[in-house]
Asker: 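Provided herewith is a single structure, encoded as structure tokens, for subsequent inquiry.
Both ligands and their constituent atoms are indexed starting at 1 by order of listing. The model shown is predicted, which means the values in this text are computed figures rather than measured ones.
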Amino acid sequence: MEPVVALVVAAGSGSRLGGDIPKALRELDGRPLVSHSLEGLAAGGVDRAVIVIAPGLDDDFAGVVAGSPIPARCVHGGAERQDSVLNGLAAIAADPDLAAARYVLVHDAARALVPADVVRRVIEALIGGAVAAIPVLPVVDTIREVTATGSATVDRSRLRAVQTPQGFSRDVLELAHQLVADQDLQVTDDAAAVEALGYPVVLVPGDREALKVTEPLDLLFAEAIVRSHA
Ligand code: CTP
Ligand code: MG
């Protein structure tokens, strides 16, 4: 079995959520969001984690690392999410314990309640030969595209909302993020980076519970989900 490493990106400030501590450390049911994420990843088959945090916050994340269900360490992120992923990938490549990993799953710490089954589906797709595998959901809202002259309905049956963890062959993800950095491209997720390199992306079913805590309302949803599991 190949070891599976998760890169948990947690270096954002959480400006849309607000509050005075980093979003990944905000508590949900008495534990930081990032700790919930680590539990979901571990339950779904991830063996090790690298948590990408904002520089200077190592002491704040020490308890998260100590309480992680799988071996975890922190590295420092960058200004944009894609910079944080690049730094995390460099840390994996430089770590003798992690560099043997063929697969890497990139996960938003803010998707705290990702179900183990979603993680499992991503890993299974990689083991089955996918170079990139990402969880998606049908779009429930009707979507309009704003155009120069007005707006038009988009056929939502063709659209999917994208979640994390996104799984990749580690070598391909490294090449993809190098390309993104070299060509100064802007990508909002890792699948887009791999796609820019020309690789196909396999879709697996996501789950509404893997919602990204972005705004205060999302934290209320997450609290309700935790209560429904009790
Ligand atoms: N992230 C990161 N490094 C950055 C920016 C974002 O590691 N420079 C991480 C966040 O910590 C988060 C994930 O990427 O877990 C998804 O980003 P988002 O939900 O946008 O989080 P923030 O950037 O922290 O929030 P906001 O955009 O509201 O400031
Ligand atoms: Mg952000």
Asker: Before giving the answer on side-chain contact (heavy atoms from CB on, under 4.5 Å), spell out for V5 and L105 the whole-Å C-alpha distance, their side-chain angles and the decisive distance to 0.1 Å.
Answerer: CA-CA 6 Å; V5 178; L105 267 57; over 6 Å; no
Asker: Is the shortest side-chain heavy-atom distance between V114 and H107 below 4.5 Å?
Answerer: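 V114 reaches H107 side chain to side chain.
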Asker: Please evaluate residues I92 and V104 with respect to the criterion side-chain contact (heavy atoms from CB on, under 4.5 Å), reporting the C-alpha separation (whole Å), side-chain torsions for both, the decisive distance (0.1 Å), and the verdict.
Answerer: CA-CA 9 Å; I92 292 172; V104 60; 4.0 Å; yes
Asker: Show me, pair by pair, the donor-acceptor contacts under 3.5 angstrom made by side chains of residues 131-144, not counting sequence neighbours?
Answerer:
residue : atom : partner : partner atom : Å
T142    : OG1  : R156    : NH1          : 3.2
R144    : NE   : S151    : OG           : 3.0
R144    : NH1  : T153    : OG1          : 3.0
R144    : NH2  : S151    : O            : 3.3
R144    : NH2  : S151    : OG           : 3.1

Asker: Return the closest protein heavy atom for atom 7 (O) of ligand 1 as residue, atom name and distance.
Answerer: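 Its nearest protein heavy-atom neighbour is A11 N, 2.9 Å.
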Asker: Report the part of S15 in contact with ligand 1, treating N, CA, C, O as backbone and CB onward as side chain, heavy atoms under 4.0 Å; options are side chain, backbone, both, neither.
Answerer: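 Within the 4.0 Å criterion, S15 contacts ligand 1 through backbone and side-chain atoms alike.
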Asker: Which heavy-atom pair separates R26 from G18 by the least distance, and what is that distance?
Answerer: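 For R26 versus G18, the nearest heavy atoms are NH1-O, 3.0 Å.
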Asker: Around atom 3 (N) of ligand 1, find the nearest protein heavy atom and jot down its residue, atom name and distance.
Answerer: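 Answer for atom 3 (N) of ligand 1: S84 OG, 2.7 Å.
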Asker: Less than 4.0 Å is my threshold; does some heavy atom of G14 fall inside it relative to ligand 1?
Answerer: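 Right, G14 reaches ligand 1.
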Asker: Evaluate the side-chain proximity of R111 to D108: yes if any heavy-atom separation is below 4.5 Å, no if none is.
Answerer: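 Yes, at least one pair of side-chain atoms sits under 4.5 Å.
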Asker: How far is atom 27 (O) of ligand 1 from its nearest protein heavy atom, and which residue and atom name does that atom have?
Answerer: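 Looking at atom 27 (O) of ligand 1, the protein heavy atom closest to it is R16 NH2, 3.0 Å.
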Asker: What atoms of ligand 1 come closer than 4.0 angstrom to any heavy atom of S13?
Answerer: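 Listed by number with element: 24 (O), 29 (O).
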Asker: Mark yes when over 12 heavy atoms from residues, nucleotides or ligands other than R208 sit less than 6.0 Å from its CZ; otherwise mark no.
Answerer: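 For R208, atom CZ is not crowded (no more than 12 foreign heavy atoms under 6.0 Å).
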Asker: Is a salt bridge present between R81 and D190, judged by a nitrogen-to-oxygen distance below 4.0 Å?
Answerer: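 Answer for the salt bridge query: yes.
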Asker: For atom 13 (C) of ligand 1, grab the closest protein heavy atom and report residue, atom and distance to one decimal in Å.
Answerer: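 Nearest protein contact, heavy atoms only, for atom 13 (C) of ligand 1 is D108 OD1, 3.3 Å.
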Asker: With rounding to the nearest 0.5 Å, note down the distance linking CZ in R170 to CG in L89.
Answerer: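 R170 CZ to L89 CG: 8.0 Å, rounded to 0.5 Å.
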Asker: Any idea which part of E80 is under 4.0 Å from ligand 1, heavy-atom wise: side chain, backbone, both or neither?
Answerer: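 For E80, the contact with ligand 1 is made by the backbone alone.
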Asker: What atoms in ligand 1 come closer than 4.0 Å to a heavy atom of G78?
Answerer: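 So the answer, numbered in order with elements, is 4 (C), 8 (N).
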Asker: May I ask you to identify the nearest protein heavy atom to atom 21 (O) of ligand 1, giving residue, atom name and distance to one decimal place in Å?
Answerer: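 Ranked first by proximity to atom 21 (O) of ligand 1 is K23 NZ, 3.1 Å.
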Asker: May I ask whether atom 17 (O) of ligand 1 is less than 4.0 Å from at least one protein heavy atom?
Answerer: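 So atom 17 (O) of ligand 1 lacks protein heavy-atom neighbours under 4.0 Å.
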Asker: Examine ligand 1 and decide if any of its atoms is less than 4.0 Å from a heavy atom belonging to A79.
Answerer: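 Yes, A79 has heavy atoms under 4.0 Å from ligand 1.
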Asker: In terms of residue, atom name and distance, what is the protein heavy atom nearest to atom 6 (C) of ligand 1?
Answerer: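 Sorting protein heavy atoms by distance from atom 6 (C) of ligand 1 puts G12 CA, 3.7 Å first.
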Asker: Of the protein's non-hydrogen atoms, which lies at the shortest distance from atom 15 (O) of ligand 1, and what is that distance?
Answerer: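 Checking every protein heavy atom, the shortest distance to atom 15 (O) of ligand 1 gives V9 O, 2.8 Å.
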Asker: Regarding atom 4 (C) of ligand 1: of the candidates R81, R111, H107, which has the closest heavy atom?
Answerer: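 It is R81 whose heavy atom sits nearest to atom 4 (C) of ligand 1.
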